[in-house]
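Reminder, nothing fancy here: chain letters follow the sequence lines and each chain counts from 1.
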Amino acid sequence: MTDPGPGPELTYTRVFAAPRELVFRCLTEPEHLTHFWGPVGTRTPPEAITVDLRPGGVFETVMVSESDGSRYTMHAVFDEVAAPERLVWTEPASGVTTISTFKELSGPRTEVRIVQRNVPEAFRRPEAQAGFRTSLDRLASYLTQQTGATR
Amino acid sequence: MEGEDVSRAGATAVDERLDAAFTALADPTRRAIVAQLARGDATVNELAAPFALSLPAISKHLKVLERGGLISRTRRAQFRPCHLEADMLGEAMSWIEVNRRIWRERFDRLDDHLRALQGDDRD
């Protein structure tokens, strides 16, 4: 395992019973993203999703907590756009790069593979870097995002 | 393997353990208890002091935290000080675990969305 970037490479794979073009559109069009993007307990209204589908274009989603209305923004920039096969974006704040590949299978079915690279050490062991208080604060916001728990 | 999250071998046991930890941490009172224990071990009485909650109510929260593997309690005497299991907390907090969960849930919902799209309105 020789990984050029810092940190491990994370992979998430799923096969969907749908044609590749449709799955690709779901990942790149606000009216589709709004149905599944935000974590449980949040909603991501279509008007709060920006997809400028070209290299250098912005990919931004604002997730709104259903319980207290607090907002979380994911801001990324597309590095590669090759519809309907491949999509690469990087979040400048963290440096994490997310590579999505869409593989056509018979059926028609589509295998989506999400690979994340350059995951910073601080993301792997937050308590080692930032101290407990900061970690707990970050934990609280993550969990609010996750569960929509009221504070 | 189709339809499965194949992100990591043996993920199921890890997921179950983390599910319990996430459930435990979903409540603001329990997060406050965890924050207090991060400063050092404390008894139930000490933990109850900052909250307008009865001892049984605090004990209930502690049991959930214990089930989530986030705290442990010694068996001795009536004091039974609570101790924060920092490793478990670190694991539950790690960006990797949170992110893995986000993508798993996202994929579940995308699956539902694709089924709805193709069922109602073939496109």
Tell me, do [X] and [Y] make a side-chain contact under 4.5 Å, heavy atoms counted?
{"X": "B/Phe107", "Y": "A/Phe36", "result": "no"}
{"X": "B/Arg104", "Y": "A/Tyr12", "result": "no"}
{"X": "B/Leu110", "Y": "A/Trp37", "result": "no"}
{"X": "B/Trp103", "Y": "A/Arg14", "result": "no"}
{"X": "B/His113", "Y": "A/His32", "result": "yes"}
{"X": "B/Arg100", "Y": "A/Leu10", "result": "no"}

Exercise for the section: Sort B/Asp112 into side chain, backbone, both or neither according to what part of it lies under 4.5 angstrom from a heavy atom of chain A. Expected result: neither

Answer with yes or no whether the hydrophobic clustering places [X] together with [Y]; edges join I, L, V, M, F, W, Y residues whose side-chain heavy atoms lie under 4.5 Å apart.
{"X": "A/Met74", "Y": "A/Val77", "answer": "no"}
{"X": "B/Leu47", "Y": "B/Val34", "answer": "yes"}
{"X": "A/Val58", "Y": "A/Met63", "answer": "no"}
{"X": "B/Phe51", "Y": "B/Val44", "answer": "yes"}
{"X": "B/Leu62", "Y": "B/Val64", "answer": "no"}

Problem - Nearest-0.5 Å distance that lies between atom OG1 in A/Thr98 and atom CG in B/Asn99 - result: 7.5 Å

Exercise for the section: Mind checking the CZ-CG spacing from A/Arg109 to B/Leu114? Nearest 0.5 Å is all I need. Expected result: 13.5 Å

Problem - Interface moiety of A/Leu27 toward chain B, non-hydrogen atoms closer than 4.5 Å - result: side chain

Handout entry: Region of A/Thr44 in contact with chain B, defined by heavy-atom distances below 4.5 Å
Key = neither

Handout entry: Whether B/Gln118 side chain and A/Ala17 backbone form a donor-acceptor pair below 3.5 Å
Key = yes

